[in-house]
Structures are given as C-alpha cells and as structure tokens.
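Predicted model, so just to flag it, every value in this text is computed and none were measured. Every number for a ligand or one of its atoms is a count from 1 in the order of the listing.
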Amino acid sequence: MGEVKRQLAMVMDLNKCIGCQTCTISCKRLWTRDEGMEYMWWNSVNTMPGLGTPKDWEQMGGGFRDGQPNASRIPTRKEFGDAWEFNHEEVFFGGKGSEAHLQVKGEQPEWGPNWDEDQGAGEYPNGYYFYLPRICNHCTHPACLEACPRQAIEKREQDGIVLINEDRCRGYRFCMEACPYKKIYWNHVQKVAQKCIFCFPRIEQGVANACARQCPGRVRFVGYRDDQNGPIWKLVDKYKVALPLHSEFGTEPNVFYVPPLAPPRFDANGEIDENQPRIPNEYLVSLFGPRVLEVLATLKGEMTKTRAGQKSEVLDILIAYKWKDMFGGFDRDPASIEWKKT
Ligand code: SF4
Ligand code: SF4
Ligand code: SF4
C-alpha cells in the first residue's frame with residue numbers, strides 16, 4: 001500500500017436520519033444489480049438497539065486487538081438476510097384477483113436486512129430507538145486489506161478509498177472474516193468478494209456519493225478529512241461532534257457519526273426527569289466510546305445558545321441550510337455528465 005495522500009470521509013448526523021432507506025435503494029440501483037448481488041446492500045440502515053445486518057455483527061470479532069488481527073468468522077448469506085423470492089408472477093399475472101397476495105416463496109426467511117425495524121428498546125413511556133446507516137468505512141488501517149493474501153485489496157493513494165480488485169480476488173474470503181464491520185459480501189455467482197466503492201466513479205467526476213446525494217434527511221456530509229473549508233474537518237476536528245463507530249475495532253474508520261440526542265425519561269410519577277437520558281449513556285458509549293457524552297453536552301450547549309438568540313456555526317452546518325455545502329466540493333449535478341458504461 002502506497003502512502004495515502006488524502007482521505008475521503010463521510011459524517012452521518014444520526015439526529016436527522018428518518019430510516020427511509022433512500023440511501024440503500026440509491027446504492028442498490030446503481031451498483032448491486034448484477035447476478036449474485038441480489039442479497040447485497042452495500043448501504044444498510046438498521047434500527048438500534050438491534051442485531052443489525054448481518055445478524056449480530058457487532059459480536060463477530062475481526063479488526064485488531066492489541067495491534068494483532070482479532071479472530072472472527074465469515075457471516076453467512078442467511079445472516080445477511082439473503083434475497084427473498086416473491087410470488088410476483090402469481091399476484092400480478094396469475095388471474096387470481098384479490099385471492100393472491102404477495103408472499104415469500106419457498107423457505108421462509110428468519111432474518112432480513114432490516115428485520116428488527118423500529119423495535120428499539122426500553123419500556124413505555126421510555127421506549128427509544130434510532131437509525132444507524134452503515135457503509136464500508138474506507139478505514140485508514142483496513143483489516144480487510146491486511147488479511148488478503150492476494151493483495152487484491154487496494155487503498156487508493158489519492159483519496160484513501162478501499163477497493164477490491166475483482167480480477168485478483170480468488171475467493172478466499174479472508175477479507176470478509178477480517179472486516180469487523182462485516183461490510184464485505186460474497187458474490188456466489190461471480191465468485192468474488194464485493195463491497196461499497198465509495199462511488200469512486202462519481203467522486204472522480206466531482207459528484208457526491210449516491211447514498212449521500214439522494215438522502216432526503218440531509219444526514220450525510222462528504223469530503224476530504226483535511227479540507228478545512230469542508231464539513232468533515234469542521235465536524236470531526238474543529239467542533240469534535242462526530243465520532244467513529246466501534247473505534248475499539250482498531251481499523252480507524254473514516255465514517256463518523258453525530259450521536260443521537262433523545263428526550264429525557266419520565267420518572268415513576270410520569271414527570272419528566274431532565275437528568276435521566278432516554279437512551280442510556282452506557283449504550284451510546286458502547287457504540288461511540290466515552291467521548292460521546294462530551295459530544296452530547298456540546299450539542300445541547302449549542303442548542304441552548306441558539307434558543308437564546310445566539311449563533312452556532314456547528315448547528316448551522318448540521319442543519320445544512322444549503323444542501324450543496326454538505327458535499328465538500330463534490331457538488332456537480334450527475335445529470336450534467338455523459339457517463340460511460342464500463
Ligand atoms: Fe433516509 Fe438519509 Fe437515513 Fe438513508 S441516511 S435512511 S436516505 S434519512
Ligand atoms: Fe475493510 Fe471493513 Fe474497513 Fe471497509 S469497513 S475498509 S471492508 S475493514
Ligand atoms: Fe453505495 Fe456509493 Fe454509498 Fe458506497 S458510497 S454505500 S457504493 S452509494
């Protein structure tokens with residue numbers, strides 16, 4: 001791996017994600033429509049707390065511990081949720097009228113890409129949940145790359161995007177085992193490992209990633225880590241309100257999250273207890289590390305400021321008044337480009 005000169009990154013503001021899956025579908029329509037990719041969702045959005053995609057991925061190991069590769073395993077297609085087959089023919093062309101309804105054909109699924117949608121945790125009236133969108137983190141220390149004996153995984157010098165060279169891949173799947181985020185899929189038809197490419201053909205034309213550009217919640221910021229005029233540097237380094245997910249996995253992810261604020265809890269008398277957070281601190285710490293509590297305090301402080309009529313640059317960035325400001329210069333209209341089919 002040559003020296004990475006610049007690193008592209010994404011910040012996702014979890015306070016604005018509405019779980020609509022537009023990101024998921026925009027990625028699917030663009031990149032995972034070939035044979036063997038039916039079950040792939042390079043972008044996934046899961047309800048938290050939940051077991052996620054693949055099922056219980058946070059407990060599968062991988063990444064690094066004390067600087068050494070940490071044991072793990074390859075998730076199964078079923079754990080990812082597989083691709084369900086439906087009786088479309090019967091419903092739409094079978095002539096059965098309202099007697100036929102849409103259902104999964106054959107073996108009934110036991111898990112899916114967003115199986116525990118909106119379940120969350122906590123008891124009434126203190127239930128809570130939030131959405132967690134995930135893509136490959138294009139890590140600075142990618143466990144997938146280190147695990148590949150074929151040197152089939154590259155981290156690009158110019159922007160740090162991590163790509164699998166499918167011509168070199170021989171299907172050993174050590175990358176799938178090593179990635180602690182379980183963001184690599186096995187194409188069982190083409191016999192290669194595949195994953196999010198950070199939309200590099202768009203990036204090379206100055207167009208933001210499809211999952212970011214199509215997001216109606218204005219959740220996703222894109223740009224170079226070191227661009228001091230862009231949103232990434234400001235949110236991660238200047239205001240320090242965006243954190244990596246499971247940094248203890250040791251891969252130094254380049255996707256960062258603004259953690260979710262939540263209303264306070266109701267006490268036993270049904271009164272609001274301002275001192276008790278609805279989402280338990282321990283849970284957020286388990287995802288984003290101990291600094292998450294400082295971040296939540298910063299965000300609350302900024303909200304107090306704006307309510308008192310003062311200005312807050314960090315909230316202005318997060319609100320994203322100007323949509324194109326979210327994309328760190330990658331704001332070209334994809335419709336203005338003549339795309340070549342590769
Ligand atoms: Fe919808 Fe955006 Fe959340 Fe994706 S990240 S689910 S597009 S709001
Ligand atoms: Fe590799 Fe996983 Fe990091 Fe992506 S998230 S670069 S697949 S280790
Ligand atoms: Fe898919 Fe591009 Fe988003 Fe990666 S960056 S999840 S390839 S849309």
Side-chain angles (χ1 to χ4, degrees), residues 1 4 7-33 37 40-47 57 60 62-64 69-70 72 75 113-114 117-118 130-148 152-156 159-164 173-185 193-203 207-222 244-247 249-255 257-258 260 320 326-327 330 334:
M1 182 170 83
V4 173
Q7 178 66 55
L8 279 168
M10 198 180 276
V11 169
M12 305 200 200
D13 182 356
L14 299 185
N15 293 295
K16 292 164 80 184
C17 178
I18 53 173
C20 65
Q21 307 283 357
T22 310
C23 47
T24 311
I25 298 303
S26 51
C27 180
K28 179 94 208 143
R29 297 229 3 119
L30 203 51
W31 303 120
T32 60
R33 297 173 70 188
M37 298 176 118
M40 293 186 197
W41 302 96
W42 290 354
N43 180 99
S44 50
V45 183
N46 281 98
T47 301
W57 65 273
M60 285 183 190
F64 304 96
N70 186 27
S72 182
N114 191 13
E117 181 168 11
D118 293 358
F130 59 92
Y131 300 110
L132 181 70
R134 297 200 306 121
I135 65 173
C136 161
N137 294 292
H138 298 275
C139 304
T140 295
H141 188 195
C144 56
L145 180 151
E146 283 201 14
C148 176
I153 303 185
E154 174 205 5
K155 186 165 175 65
R156 304 206 309 181
D159 53 21
I161 294 177
V162 175
L163 294 178
I164 300 174
R173 283 171 268 181
F174 291 122
C175 55
M176 292 180 72
E177 193 178 335
C179 171
Y181 297 92
K182 299 303 170 203
K183 266 294 166 193
I184 304 187
Y185 294 78
Q194 294 175 319
K195 69 163 197 70
C196 156
I197 55 173
F198 209 76
C199 287
F200 76 87
R202 292 169 65 105
I203 290 288
V207 180
N209 321 54
C211 55
R213 199 181 152 100
Q214 299 306 116
C215 169
R218 302 195 180 185
V219 167
R220 297 168 181 235
F221 299 84
V222 179
L245 175 65
H246 287 305
S247 60
F249 290 166
T251 62
E252 298 175 47
N254 287 301
V255 174
Y257 295 92
V258 179
M326 300 182 72
F327 304 136
F330 295 94

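Ring geometry for Tyr181 versus Trp57: interplanar angle of 30 to 60°, hence tilted.
Listed for the Lys155 side chain is no donor-acceptor partner under 3.5 Å among the backbone atoms of His141. Without hydrogens or angle criteria, Asn46 side chain to Pro113 main chain gives a donor-acceptor distance under 3.5 Å. Side-chain atoms of Arg202 come within 3.5 Å of backbone N or O of Ala208 as a donor-acceptor pair. Without hydrogens or angle criteria, Lys28 side chain to Trp41 main chain gives no donor-acceptor distance under 3.5 Å. Under a 3.5 Å cut-off, the side chain of Lys182 and the backbone N or O of Gly62 do not form any donor-acceptor pair. Under a 3.5 Å cut-off, the side chain of Ser72 and the backbone N or O of Met60 do form a donor-acceptor pair.
Every atom of ligand 3 is numbered from 1 in the order shown, and the set under 4.0 Å from a heavy atom of Trp31 is 1 (Fe), 2 (Fe), 7 (S). Less than 4.0 angstrom separates some heavy atom of Ala143 from each of these atoms of ligand 2: 8 (S). Listed by atom number, the atoms of ligand 1 under 4.0 Å from Arg220 heavy atoms are 5 (S). Atoms of ligand 1 found under 4.0 Å from any heavy atom of Ile18, numbered from 1 in the order shown, are 3 (Fe), 8 (S). Residue Thr22 approaches ligand 1 through these ligand atoms, each under 4.0 Å from one of its heavy atoms: 7 (S). The distance from ligand 3 to the heavy atoms of Cys211 drops below 4.0 Å at these ligand atoms: 3 (Fe), 5 (S), 8 (S). For ligand 3, the atoms sitting less than 4.0 Å from at least one non-hydrogen atom of Cys27 are 1 (Fe), 6 (S), 7 (S), 8 (S), numbered in the order shown with element in parentheses. Which parts of ligand 1 touch Pro216 is read off a 4.0 Å heavy-atom cut-off, strictly below it: atoms 7 (S). Those atoms of ligand 2 that come under 4.0 Å of a heavy atom in Lys195, given as number and element, are 7 (S). Each of the atoms 1 (Fe), 6 (S), 7 (S), 8 (S) of ligand 1 lies under 4.0 Å from some heavy atom of Cys20.
At least one N, O or S atom of Cys17 sits under 2.8 Å from atom 3 (Fe) of ligand 1. None of the N, O or S atoms belonging to Cys175 lies under 2.8 Å away from atom 2 (Fe) of ligand 2.
Closest to atom 5 (S) of ligand 2 among all protein heavy atoms lies Asn137 N, 3.3 Å. Atom 3 (Fe) of ligand 2 has its closest protein heavy atom at Cys139 SG, 2.3 Å. Of the protein's non-hydrogen atoms, Cys144 SG, 2.3 Å is the one closest to atom 1 (Fe) of ligand 2. The protein atom (non-hydrogen) at minimum distance from atom 6 (S) of ligand 3 is Ile135 CG2, 3.4 Å. For atom 4 (Fe) of ligand 3, the closest non-hydrogen atom on the protein side is Cys196 SG, 2.4 Å.
Using a 3.5 Å distance cut-off with no hydrogens or angles, the side chains of His138 and Gln7 do not pair a donor with an acceptor. Checking Tyr131 against Asp118 by side-chain atom types alone, a donor-acceptor pair falls below 3.5 Å. Under the 3.5 Å distance criterion, with hydrogens and angles disregarded, no donor-acceptor pair is assigned to the side chains of Asn114 and Ser44.
Across every non-hydrogen atom of Ala143 and Gly63, the tightest pair is CB-CA, 4.0 Å.
Using a 4.0 Å cut-off between heavy atoms, Ile184 contacts ligand 2 through its side chain alone, with no backbone atom that close. At a 4.0 Å heavy-atom cut-off, ligand 1 does not touch Met12 at all.
Within the 4.5 Å cutoff, no side-chain heavy atoms of Asn137 are placed close to those of Thr251. Side-chain contact between Ile153 and Ile164 is present, with heavy atoms from C-beta onward closer than 4.5 Å.
Among Cys215, Cys23, Pro133, the residue whose heavy atom sits closest to atom 2 (Fe) of ligand 1 is Cys215.
Lys183 does not count as a contact of ligand 2, since none of its heavy atoms falls under 4.0 Å from the ligand.
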